[in-house]
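Here is the structure we will look at, set down as structure tokens.
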Amino acid sequence: MVEIFTKPELIAALKDSNQRAESWFSAMPARDFFTRHGEVWSPSDNVDHLIKAVKPIAKALKLPKITLQAMFGKSEKPSMTYEELCKVYRAEIAKGARASGRYLPNQETPTDLAKDKKKDLLEQWSKANTELLSVVEKWDEHELDQYQLPHPLIGKLTIREMLFFTIYHNLRHASLEGD
């Protein structure tokens with residue numbers, strides 16, 4: 001794994017994870033995209049979950065910094081590395097942590113127009129990713145370590161750590177191992 005830390009490296013890694021995940025999901029036939037195997041989420045469920053994970057981050061990063069500080073405080077610790085963040089997240093998953101509440105997918109199983117619904121879902125995800133990248137561009141390098149957001153499984157993360165999480169999360173859900 002290439003070390004990711006600076007803002008340009010983060011943006012490049014976000015773009016790469018978005019592209020790799022989009023390619024993986026796009027290559028699937030529509031019938032497979034909506035197919036679940038037992039309790040395991042379908043690829044469409046994973047995309048819906050990713051949309052629900054990315055949108056609130058982009059929305060939060062648009063807030064005035066003073067609002068973020070008032071809501072979540074400022075970080076009093078240095079940001080973890082990408083690898084450290086991944087290790088912490090994997091440990092939570094190993095303990096049984098799972099997505100819940102507003103992050104759960106809608107679990108649609110369309111019988112008609114599956115190709116159109118797949119295309120629409122992938123377009124929604126692409127739009128959410130584009131919005132996130134656009135707002136990250138406006139943040140200064142040092143601010144990525146000062147401000148924080150809550151993660152439902154890990155607790156408060158710096159903005160940099162939340163972006164690390166997003167990179168890893170995209171790739172985790174765009175694989176056969178998935179959640």
Side-chain angles (χ1 to χ4, degrees), residues 1-28 33 41 43-63 68 72 75 77-95 97-100 102-105 121-179:
M1 176 81 196
V2 174
E3 189 61 33
I4 304 166
F5 200 77
T6 65
K7 180 180 161 184
E9 291 166 346
L10 269 169
I11 289 171
L14 274 168
K15 287 178 181 176
D16 179 65
S17 74
N18 294 346
Q19 181 57 48
R20 288 169 56 190
E22 185 177 331
S23 293
W24 192 78
F25 289 120
S26 294
M28 241 170 248
F33 186 72
W41 289 355
S44 66
D45 295 336
N46 281 279
V47 172
D48 189 41
H49 169 70
L50 289 171
I51 292 166
K52 290 175 177 182
V54 169
K55 279 185 167 185
I57 298 168
K59 185 176 179 180
L61 295 183
K62 290 179 183 178
L63 293 171
L68 284 177
F72 310 115
S75 180
K77 61 176 181 56
S79 291
M80 291 182 263
T81 65
Y82 176 80
E83 288 301 325
E84 289 169 332
L85 182 279
C86 293
K87 184 178 177 180
V88 168
Y89 181 66
R90 284 190 297 262
E92 290 301 314
I93 296 298
K95 290 183 211 171
R98 296 288 176 254
S100 62
R102 66 180 179 167
Y103 299 104
L104 289 173
L121 199 57
L122 290 174
E123 284 174 358
Q124 287 177 51
W125 189 54
S126 178
K127 182 179 175 187
N129 288 323
T130 299
E131 186 175 342
L132 178 61
L133 284 163
S134 173
V135 73
V136 169
E137 290 277 0
K138 296 172 184 165
W139 278 67
D140 291 335
E141 181 81 42
H142 71 281
E143 292 173 332
L144 298 174
D145 300 309
Q146 291 179 336
Y147 297 91
Q148 53 190 9
L149 293 172
H151 184 281
L153 302 180
I154 306 172
K156 288 183 183 174
L157 297 176
T158 65
I159 303 305
R160 187 180 310 276
E161 292 165 341
M162 190 63 83
L163 297 174
F164 288 161
F165 167 78
T166 302
I167 293 163
Y168 180 72
H169 194 233
N170 285 346
L171 298 174
R172 179 178 173 82
H173 281 277
S175 70
L176 294 176
E177 294 79 42
D179 274 325

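Everything numeric in this text was worked out from a predicted model, so none of it was measured.
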Should Tyr168 and Arg90 be marked as a side chain to side chain contact (heavy atoms under 4.5 Å, CB included) after you check the CA-CA gap, both sets of side-chain angles, and the distance that decides it? CA-CA 10 Å; Tyr168 180 72; Arg90 284 190 297 262; 3.2 Å; yes

How long is the gap from CZ on Phe5 to OG1 on Thr81, to the nearest 0.5 Å? 8.0 Å

Would you list the pairs meeting salt bridge (Lys or Arg N to Asp or Glu O under 4.0 Å) in which at least one residue belongs to residues 121-136, sequence neighbours left out? Lys62-Glu131, Lys119-Glu123

Not counting sequence neighbours, which residues clear side chain to side chain contact (heavy atoms under 4.5 Å, CB included) with Glu161? List them please. Lys77, Ser79, Met80, Leu85, Leu157, Thr158

Nearest heavy-atom neighbours spanning Ala60 and Leu68: O-CD2, 3.7 Å

Within the 4.5 Å heavy-atom criterion, are Cys86 and Phe164 side-chain neighbours or not? no

Lys138: partners by side-chain hydrogen bond (donor to acceptor under 3.5 Å, both in side chains), with sequence neighbours left out: none

Please enumerate all residues that pass side-chain hydrogen bond (donor to acceptor under 3.5 Å, both in side chains) together with Thr166, with sequence neighbours excluded. none

With Ser23, which residues qualify under side-chain hydrogen bond (donor to acceptor under 3.5 Å, both in side chains), at least two apart? Gln19

How are the rings of His169 and Phe165 set to each other: parallel, tilted or perpendicular (split at 30° and 60°)? parallel

Sorted by chain and number, sequence neighbours left out, side-chain hydrogen bond (donor to acceptor under 3.5 Å, both in side chains) with Glu92 holds for Lys95

To the nearest 0.5 angstrom, please state how far the CG atom of Asn46 sits from the CZ atom of Arg172. 10.0 Å

For Phe33, enumerate each residue passing the ring pair (Phe, Tyr, Trp, His ring centres under 6.0 Å) test, keeping only those at least two apart in sequence or located in another chain. none

How would you list, by chain and number, every residue that makes a side chain to side chain contact (heavy atoms under 4.5 Å, CB included) with Val136, sequence neighbours excluded? Ile11, Leu61, Leu132, Leu163

Student check: side-chain heavy atoms of Val47 and Trp41 closer than 4.5 Å: no

Output the distance between atom CG (Leu149) and atom CE (Met162), rounded to the nearest 0.5 Å. 5.0 Å

Check whether any side-chain heavy atom of Asn129 sits under 4.5 Å from a side-chain heavy atom of Glu22, and report yes or no. no

From Ile159 CD1 over to Tyr147 OH, what is the distance, rounded to the nearest 0.5 angstrom? 9.5 Å

What pairs of residues pass the salt bridge (Lys or Arg N to Asp or Glu O under 4.0 Å) test when at least one of them lies in residues 4-17, not counting sequence neighbours? Asp16-Arg20

Just grab all the salt bridge (Lys or Arg N to Asp or Glu O under 4.0 Å) pairs involving residues 49-59, residues at least two apart or on different chains. Asp48-Lys52

Of all residues at least two apart in sequence or in a different chain, which pass the salt bridge (Lys or Arg N to Asp or Glu O under 4.0 Å) check with Glu141? Arg160

Contact summary for Ser44 and Leu121, nearest pair of heavy atoms: O-CD2, 3.4 Å

Taken in chain and number order and not counting sequence neighbours, the residues that satisfy ring pair (Phe, Tyr, Trp, His ring centres under 6.0 Å) with Phe25 are none

Which value, rounded to the nearest 0.5 Å, describes the distance between Lys156 atom NZ and Ile154 atom CD1? 14.5 Å

As a quick check of understanding, evaluate side chain to side chain contact (heavy atoms under 4.5 Å, CB included) for Ile57 and Val135, giving each step before the final call. CA-CA 10 Å; Ile57 298 168; Val135 73; over 6 Å; no

In Å, rounded to the nearest 0.5 Å, how long is the span from CG of Asn18 to CH2 of Trp125? 5.0 Å

Shortest non-hydrogen contact between Tyr103 and Pro56, atoms and distance: CE2-CG, 4.3 Å

